[in-house]
Amino acid sequence: MGALMVIFSLQPKQRRKTTDSVEDELELSAVRHRPEGLEQLEAQTRFSRKELQILYRGFKNECPSGVVNEETFKDIYSQFFPQGDASTYAHFLFNAFDTDHNGSVSFEDFVMGLSILLRGTVQEKLNWAFNLYDINKDGYITKEEMLDIMKAIYDMMGKCTYPVLKEETPRQHVEVFFQKMDKNKDGVVTIDEFIDCCQNDENIMRSMHLFENVL
Amino acid sequence: MAAGVAAWLPFARAAAIGWMPVATAPMPVPPQEKRRGKDGLIVLNVSGTKFQTWRDTLERYPDTLLGSTERDFFFHEDSNEYFFDRDPDIFRHILNFYRTGKLHYPRQECISAYDEELSFFGIIPEIIGDCCYEEYKDRRRENQERIQDDEEADPGNELVSADLSFRESMWRAFENPHTSTMALVFYYVTGFFIAVSVLANVAETVPCGSVPNRAKEMSCGERYALAFFCLDTACVMIFTVEYLLRLLAAPSRYRFVKSVMSIIDVVAIMPYYIGLVMTDNEDVSGAFVTLRVFRVFRIFKFSRHSAGLRILGYTLKSCASELGFLLFSLTMAIIIFATVMFYAEKGSSASKFTSIPAAFWYTIVTMTTLGYGDMVPKTIMGKIFGSICSLSGVLVIALPVPVIVSNFSRIYHQSQRAEKRRAQKASKEAGQALVCKTNPNFEVHHHHLLHCLEKTTNHEFLDEKTFETSLREVTLVKQVSRSSSISSASSPHGFTSCCSRRKRKTFNVPNSNMSVGLQGSIQELSTIQIRERPLTNSRSSRSSLNAKFEETVPLNCEQPYITAAVISMPTPPGTTPEGDDSASSTDYSQANIVRVSAL
């Protein structure tokens, strides 16, 4: 009985040591990333030095480690859409920004994406949008992909909308979209069909210039 | 957090280009934009406090922010210095690290603030010097425990009752009695019956006066056997029902059955059922009597009702090692002293110390300073060792006790803290709503972004209350949609999705088909809004993003009087697209629906 007591009393201390070391391991493996120099980024994007500085400061504040992983990205984006669930759309956005598909968005990825969105030509912007919709990046937007995107957008609205969101609303919207975009009615939208159709649509053209003065 | 999120707004807006090809309606116009520096000494301006150091000093550690080209992002050309909008007090320590190579942790700083600064400047905490490392680690662990406590306490408040299934809501009622009156009633009723049952068990054994044809006194239990039996039955039935309900409602039945409280419940009611089964069987009646002892476990059922009991139990569990040590050392001492006393008293005649185990009783009674006096040493040697025994007993028991006490104190204070935090939460949220600075520029752009989303999906945001009212009053939907479609056709800039009340601009009412007097309704609008301003509709999901979400209170739906007009803003340039809007239904004799875009 005495021996049991000894063993009993000695154990808990060791347990504490192991949890400490697990903690330490996690800390050391935290990712830290440093962006390329200011000059290189200035050359590669259409932002001025000042704008890059501003962008970086914001970026660094939210993500001191220098990279955004998908979770953080979803958190940040969801803050702008408190009524709905922005996580699915944020997932698609994340994949659109993470051009090298390494699971994290570094400052360079972020700034390249923004450069296209804010300072790019209409062609580039439409290209970017096409890339966003084309989930598997095979060059075609299928109805399923578009349905996923549409559901994600409608999810951001949340439950409390007027008129009440019905199950088939995203699907109907996808139908409308395909009717407009899919010229040869083959069930997929290619990049050319997409760009052509958008360039002929006045509303879309106007809205492409909407956010030019964001920075 | 709000400042950080504001920094990402340009990104969110840029990303909105992704919605454009999908949208069928034109987008709202964006709001107007307001628009807005070898070996040498480097000047670091940290929030006004200027630090100067050599370039070389900083470049000693090239994989940190200050030592690499990353600092170029913070160069301020106008003043030819590097500007950081961070805490200068903590920065002092960080700069010292570059100078001396040792990172120190200042004790008076908050651990999370310090951690944030370290991660901002790209310095890993592992390099904190030995002098400060232990303190740092301790504080960090404390902080994380506190955060965990917070997280555990929070989810209980977050659930929306509509989303819970019956089973889940039952479980919630069981676990948190203050959530509904039914739960509270249930809680008190069970507590009452536990008390009654325990008292009955106690009173059963009290001698109750003698009946004429019996020589000795009867206990109350024998005298009023039927009454006690009925009482017992009632209590057991209630306990059984309670247990079954809990079993039914538990999210994980297997885990529930394994838990301590459920075992106590089972042990409390089993004796009764076993007693029912084996009545009047002579052989096992002895065992039956023993089983009645287990009824006393019902008193442990009180631990669901008393937080203090739970804390005590938890303390004992967490001090298990100290208690184990106490027991171990006592056992050692008992064996030693019992042996010694036995051999010392062996010589004396008629000694009670007949064997070593018999001497155990004496040793225990002496070491715990009880001293019953039923066994006393008679020889001189016996007396000497007896006194040594009692002195050492005091020591052995006194040693582990402070550890147990400090554990209890820590756990008790933790639970106090949880209680305090719960109580403070309400006032904290109210305070935060007042303090929270709204950044007007940010809000304008944010509203525009949300408005773009509305246009893309051809649906509009509502807040919960109006949404629920709208669900209830289906008949009005058509009417409202008519009015909304008219107004949206007439004014392409449509509704603004905001009911912020900071600036009330002049508004035109285009062609709303209101039959209510216009003046009166507008008056109503302003008064209602003013009246409802202090109401903080705090949904925590929105409260992180500026106070504007707390201002979203729809015009009071309980009022029979319809208010509000369809209000559109004048053409954009020059004005910020803020206005108050809501759609109205026309006929105020119908129950009203007031729809306000709640953003």
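Chain letters run A, B, ... following the sequence lines, proteins first, then strands; residues in each count from 1.
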For this session: Mark yes when over 12 heavy atoms from residues, nucleotides or ligands other than B/K317 sit less than 6.0 Å from its NZ; otherwise mark no.
Result: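 At most 12 heavy atoms, drawn from other residues, nucleotides or ligands, come within 6.0 Å of this atom.
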Proximity breakdown for [X] and chain B, heavy-atom pairs closer than 4.5 Å:
X      : answer
A/V189 : neither
A/F92  : neither
A/F130 : neither

With a 4.5 angstrom heavy-atom cut-off, is it the side chain or the backbone of [X] that approaches chain A, or both, or neither?
X      : result
B/A23  : backbone
B/M20  : both
B/T64  : backbone
B/I335 : neither

Problem set entry | Output field: ring centroids A/F81/B/F461 closer than 6.0 Å | no
For this session: Taking the six-membered ring for Trp and the single ring otherwise, decide whether the centroids of A/F107 and B/F73 are under 6.0 Å apart.
Result: yes
Exercise. Counting heavy-atom pairs under 4.5 Å to chain A, which of B/S68, B/A25, B/C452, B/G122 comes out on top?
Worked result: B/S68
For this session: Under 4.5 Å, counting heavy-atom pairs only, tell me which of B/L65, B/N458, B/T456, B/T457 racks up the most with chain A.
Result: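 Looking at each option in turn, the highest pair count goes to B/T457.
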Problem set entry | Side chain B/H459, main chain A/Y154, donor-acceptor under 3.5 Å | no
Problem set entry | Donor-acceptor under 3.5 Å (B/E454 side chain, A/M157 main chain) |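 No, because the side chain of B/E454 does not come within donor-acceptor range (under 3.5 Å) of the backbone of A/M157.
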